Number of protein chains: 2
Amino acid sequence: MAAGAASPRERYRSQVRAEIKERAWQQIATAGASGLSLNAIAKELGMSGPALYRYFGGRDELITELIRDAYRSLADTFRAAAGSGGGLPGLARALRGWALEDRQRYFLVYGTPVPGYHAPEDVTLIAREIMSALLEVCAAAGTGSAAPDSFDAHLADHGQWAGDHAYPPAVLHRALVFWSRLHGVLSLELAGHFTGMGFDPDLLFAAEVERLTAGD
Amino acid sequence: MAAGAASPRERYRSQVRAEIKERAWQQIATAGASGLSLNAIAKELGMSGPALYRYFGGRDELITELIRDAYRSLADTFRAAAGSGGGLPGLARALRGWALEDRQRYFLVYGTPVPGYHAPEDVTLIAREIMSALLEVCAAAGTGSAAPDSFDAHLADHGQWAGDHAYPPAVLHRALVFWSRLHGVLSLELAGHFTGMGFDPDLLFAAEVERLTAGD
DNA sequence: CATGTTTGTTATAGCTTCTAACGCAAGCAA
DNA sequence: TTGCTTGCGTTAGAAGCTATAACAAACATG
């Protein structure tokens, strides 16, 4: 975007910022988001503590940046999957692949929220973008064979979140069910609640996708 | 149990321990588990910092204790619901009620795990107890109308986690689907991913329970 | 060349967890 | 009742963290 032609100073600056974020991802991967230490990152980069504050306003700002990148990455993955004609199974595969690629990144988006934290405006916009791609695929996949229930009736009156496109309630319902069911399996799997049970979570995921595409 | 007749010293000790845990729950409710501060708790109780270490080995031990209590509470809730004949809808209601009662408690059980953390033995035993109650209700509810799929075949070979009772694969599958789907909705709702969308998460939950009981 | 901006430094405040050493007081026993 | 033991709470301190302030050096630009 705007990172092409810039002054050498800005080039250096953005490169250091990127390096900081890279170390931050490494730390998060091994110690979780709560274990991220600016001091440790600074030492790893060979500079001393407060130097990092030239690049990020503080710990919260750095984490917010990582969250934004995580959302962006998921949105791009969804956009690509939605555009490649794989339908709902393709989208599901993309989601699972993205989740397994970096579980801490998944938790940054869908993990336990910090009570005080409020996501900045642009992050909620990316979230809308993700939802939009999902709705698009759901609409293309048809309404399926599930009979309309009371929730569909509710959605007919409370479906403004889908944006401009006036999707039928069945499509909205399908999208919400796709989202919550696959998140349910992925979340439990990534959190390790299936470990030691012996079965393959991938097959449970596949079975849910199966029922999802076969009219719920 | 063993807390009935005890020396006055032990009575005092367990009372202080309980008070500490109560304050800890309050703190977690407002600042999340990562924002729990032993120092702040000590000050609230009128004693100074290191005194808490007479009652808990440290921050990790206190949090582990809270996690254990959360698991215990969920297990008791499940046991009661399983015994009261409400079937799967009753169990689902109980789960939702328990989750909404204290969202941070839910996150302590099903939230983002800390990479290094390993749950102690007894917690995994309580987790098994929870699964056992769920399986019991699933078995009583019948196998439903869902046709056996490849995951059922897989479960026939990998269903040892159900314990002694040799439940049929369909029952195991039903339990896993009950668990993951309801967790999916609850997790997204409690994390606030539905806020601003306008629809009622309770109705989505109810719709999922509906499809869960009506043969998937 | 001079001037202003940006970067990195050290010093410092204030917070955290946690260990160590000490004094006091409560409970138990002879 | 007199002592002894055990446990509780204290202060002091080490090591870590975030974050700010003040300063020095390097850099880019007039």
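Model, not experiment: these values are computed from the prediction. All heavy atoms count here, side chains included; hydrogens, waters and symmetry mates do not.
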(Q) Filter on salt bridge (Lys or Arg N to Asp or Glu O under 4.0 Å), then keep only pairs touching residues 187-203 of chain B, sequence neighbours left out; what's left? (A)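 Only B:Arg96-B:Glu189, B:Arg96-B:Asp202 qualify under salt bridge (Lys or Arg N to Asp or Glu O under 4.0 Å).
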(Q) Does this structure show an ion pair linking B:Glu129 with B:Arg72, if we count only N-O contacts that are shorter than 4.0 Å? (A)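 Yes.
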Kindly give the heavy-atom pair with the smallest separation between [X] and [Y], and that separation in Å.
X: A:Gln27; Y: A:Ser37; answer: OE1-N, 2.8 Å
X: A:Leu38; Y: A:Leu62; answer: CD2-CD2, 3.6 Å
X: A:Ala92; Y: A:Leu182; answer: CB-CD1, 3.7 Å

Q) When the distance from CZ of B:Arg11 to P of C:dG27 is rounded to whole Å, what number comes out? A)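 Taking atom P of C:dG27 as the reference, CZ of B:Arg11 is at 12 Å.
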Q) Okay, side chain of B:Ser132, backbone of B:Arg128: is any donor-acceptor separation there less than 3.5 Å? A)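 Not confirmed, B:Ser132 side chain does not pair with B:Arg128 backbone.
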Q: Measure the acute angle between the ring planes of A:Phe199 and B:Phe151, then classify it against the limits of 30° and 60° as parallel, tilted or perpendicular.
A: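 Aromatic pair A:Phe199/B:Phe151 classed perpendicular.
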Collect all protein-nucleotide pairs involving nucleotides 2-5 of chain C in which both atoms are nitrogen or oxygen and the distance is under 3.5 Å.
none

Q. Do B:Thr112 and A:Tyr110 have a side chain donor and acceptor closer than 3.5 Å?
A.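 Their side chains do not contain a donor-acceptor pair, so the 3.5 Å distance test is not met.
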Q. Is a side-chain donor-acceptor pair under 3.5 Å present for B:His173 with B:Tyr167?
A.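 On atom types as modelled, these side chains do not qualify, holding no pair under 3.5 Å.
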Q. Hey, can you pull the residues of residues 51-67 of chain A with a non-hydrogen atom under 4.0 angstrom from DNA chain C?
A.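 Hits under 4.0 Å, by residue number: A:Ala51, A:Arg54, A:Tyr55.
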(Q) Does B:Ser187 form a side-chain hydrogen bond (donor to acceptor under 3.5 Å, both in side chains) with B:Tyr106? I'd like the steps, not just the answer. (A) CA-CA 9 Å; B:Ser187 169; B:Tyr106 187 89; over 6 Å; no
(Q) Can you list everything that forms a side chain to side chain donor-acceptor pair (under 3.5 Å) with B:Arg17? Sequence neighbours excluded, please. (A)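 Applying side chain to side chain donor-acceptor pair (under 3.5 Å) to B:Arg17 gives B:Glu65.
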Q.
With a 6.0 Å cut-off on the ring centroids, do A:Phe194 and B:Trp179 count as close?
A.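 For A:Phe194 and B:Trp179, the ring centres are under 6.0 Å apart.
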Q | chain B footprint on DNA chain D, 5' to 3' - any atom under 4.0 Å from a heavy atom | A |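 The protein-touched segment is D:dT6 to D:dA12.
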Q: Strictly below 4.0 Å, heavy-atom distances to any atom of DNA chain D: list the hits from residues 34-42 of chain A, or just say none.
A: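 Those residues are A:Leu36, A:Ser37, A:Leu38, A:Asn39.
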